[in-house]
A.B. asks: 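Could you have a look at this structure, given as structure tokens, before my questions?
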There are 2 protein chains.
Amino acid sequence: MDRPNTMALLAVPTRMAMLFALMDGSALPASELAHRAGVSPQTASHHLALLIEAHLLVVERCLRYRYYRIASPAVVEAIESLLVISGQPALKERADHSQLERLRLARTCYDHLAGRIAVSLADALQKKDWIVLEGRDFQVTERGESAFNKLGIDLPMLRKQQRLFARRCIDWSERRPHLGGALGAALLARFQEMDWVRKKTGDRQVHISSKGQQELWKRFGIDL
Amino acid sequence: MDRPNTMALLAVPTRMAMLFALMDGSALPASELAHRAGVSPQTASHHLALLIEAHLLVVERCLRYRYYRIASPAVVEAIESLLVISGQPALKERADHSQLERLRLARTCYDHLAGRIAVSLADALQKKDWIVLEGRDFQVTERGESAFNKLGIDLPMLRKQQRLFARRCIDWSERRPHLGGALGAALLARFQEMDWVRKKTGDRQVHISSKGQQELWKRFGIDL
DNA sequence: TAGCTGATTCGATATCCATCGAAATATGAA
DNA sequence: TTCATATTTCGATGGATATCGAATCAGCTA
């Protein structure tokens, strides 16, 4: 496996189109990137694999979904400096590094929370002995049954759903497990109900309200 | 003629090798760049033409020689930012913009002076009516004959040389004419003799001594 | 279990272009 | 002029790779 030539990767318009689509710090699935670059899914997959290998992109796997994002601010800077000398008009929306930082803190992964907040929450729930990790799933303990109930989450109802109940999902930015599945989705929904967090539509960004910060600290010892 | 793809230009190792050789702000002839990149002169010529067209390089023509150099600091910056994300070790000798500035001020063009000092000198010599521009050459006036002699330059001797006497050479950084040919070379040699300027061997950089600065101002009204 | 969707792998094809030999050009030197 | 040197142009070739169809894989749902 040779060292991939980073310069050559940036030379192909299709790959550059994909990178452009991610320059604002967002994370998009392969199909969307294929569409934006105007190529077939196979071709997009091929290019994305190369960009991953060269560490220009990273992929965040959540359940069966995969979101691609720019690997680091350095990549954005390099592309921007290339735009300068290529005589292209600079990007209107420059990459917002602080936004990327916010995404690392709290974002959605499909329909549940991800990021530092989700990893911290999974840690706290295990520490409080509400859940335990067993293989690729979490199990809710006896203590957890009543505690989740008191939090306003109807576990028996969730179990009736035909989806994985409490899936362990590996976080990209933290590289540690957080809570997915029906329970993860219910937690996000309940947090929104209580106005602990607010989810922007059409975006994966999640804002933590001051009330949410207080409650997370008081109830779970989470200080983000 | 399509717009050349700057990214594609940087993707080829041969072209990158040439750019690397010029990253320190130096200017080299095509043959030297071909040698450093390990390709034939034809191939080098082809690549250099593309780099010129894309405004990544500029060429400085002096008599029959052509020196290629990086077109602007932005190019150096872009290449350096690419090195960051390509995982290459950074260049030991990073491009020194202040050095590039010094080159713009005073450098050699083959065997005579170029840069701001040379352009200013040509201007001053015309203003003092020592020389006049005629087509592609300068002519020494009657007043110039004695003045150059007093400066320690033997014009009759220079005229015996089998080379162009006082060629007009267009300066890259200034885009204006300066003095080349036998007279230009003699002036540089005389300036070195009088320790007005010092030429580093194996380099095109020329240092102007404080004595030189004084004399240039006193005798020619040149204030660099 | 089968079914669905998103994504990847494999194989074949077509296109792009870096390279160099040969020849031409440019420019100054003898 | 004639020669010499540096560079460029032209043409042909070979290698690299972007692309997509078809098949396969991965993960969840019913």
A.B. asks: For E60(B) and dT7(D), what is the distance between atoms CD and P respectively, to the nearest whole Å?
C.D. replies: 14 Å
A.B. asks: Between D137(A) (CG) and dC28(D) (C1'), how many Å, whole number?
C.D. replies: 12 Å
A.B. asks: Heavy atoms from C-beta onward define the side chain here; which of dT7(D), dT8(C), dG28(C) lies closest to that of R167(B)?
C.D. replies: dG28(C)
A.B. asks: Working to the nearest 0.5 Å, report the span between OG1 of T14(A) and NE2 of H47(A).
C.D. replies: 5.0 Å
A.B. asks: Starting at atom CE of M16(A), determine the distance to atom P of dA18(D), rounded to an integer number of angstrom.
C.D. replies: 13 Å
A.B. asks: Just call it for S45(B): base, sugar-phosphate, or nothing, with non-hydrogen atoms closer than 4.0 Å on any strand.
C.D. replies: base
A.B. asks: Can you tell me how far OG1 of T6(B) sits from CE of M7(A), rounded to the nearest 0.5 angstrom?
C.D. replies: 14.0 Å
A.B. asks: Rounding to a whole Å, what distance do you find between R66(A):CZ and dA26(D):P?
C.D. replies: 9 Å
A.B. asks: Rounded to the nearest 0.5 Å, how far does CZ of R107(B) lie from CD1 of I117(B)?
C.D. replies: 11.5 Å
A.B. asks: Between Y68(B) and G38(A), name the one whose nearest nucleotide on DNA chain D is closer to the 5' end.
C.D. replies: Y68(B)
A.B. asks: I want to check something: taking the side chain as every heavy atom from C-beta on, are V59(B) and R69(B) in contact at a cut-off of under 4.5 Å?
C.D. replies: no
A.B. asks: My validator wants the stems of DNA chain D: runs of 3 or more consecutive Watson-Crick or G-U pairs, both distances under 3.5 Å, written as range with range.
C.D. replies: C:1-30 with D:1-30
A.B. asks: Starting from P on dT9(C), measure out to CD on Q42(A) and report it in whole angstrom.
C.D. replies: 12 Å
A.B. asks: Would you say L183(B) and F138(B) make side-chain contact, with heavy atoms under 4.5 Å?
C.D. replies: no
A.B. asks: Using a cutoff of under 3.5 Å, can you pull out all pairs of nitrogen or oxygen atoms linking the protein to nucleotides 15-18 of chain C, with atom names and distances?
C.D. replies:
{"unit_1": "dA18(C)", "atom_1": "OP1", "unit_2": "R15(B)", "atom_2": "NH2", "d": "3.2"}
{"unit_1": "dA18(C)", "atom_1": "OP2", "unit_2": "R15(B)", "atom_2": "NH1", "d": "3.2"}

A.B. asks: Tell me the interatomic distance from Y67(A), atom OH, to dG6(C), atom P, rounded to whole angstroms.
C.D. replies: 12 Å
A.B. asks: How many Å lie between CD on E32(B) and C1' on dT5(D), as a whole number?
C.D. replies: 16 Å
A.B. asks: In Å, rounded to the nearest 0.5 Å, how long is the span from CE of M16(A) to OG of S86(A)?
C.D. replies: 8.0 Å
A.B. asks: N5(A) CG to dG15(D) P: how many Å, rounded?
C.D. replies: 19 Å
A.B. asks: Hey, mind stepping through R168(A) and D137(A) against salt bridge (charged side-chain N to carboxylate O under 4.0 Å, His left out) and telling me if it holds?
C.D. replies: CA-CA 5 Å; R168(A) 180 206 61 176; D137(A) 291 274; over 6 Å; no
A.B. asks: Checking W130(A) against F220(A) for the ring pair (Phe, Tyr, Trp, His ring centres under 6.0 Å) test, could you report, in this order, the C-alpha distance in whole Å, the side-chain angles of both residues, the deciding distance, and whether it holds?
C.D. replies: CA-CA 11 Å; W130(A) 292 18; F220(A) 301 104; 5.7 Å; yes
A.B. asks: With a 4.0 Å cut-off, would you call R159(B) and E145(B) a salt bridge?
C.D. replies: yes
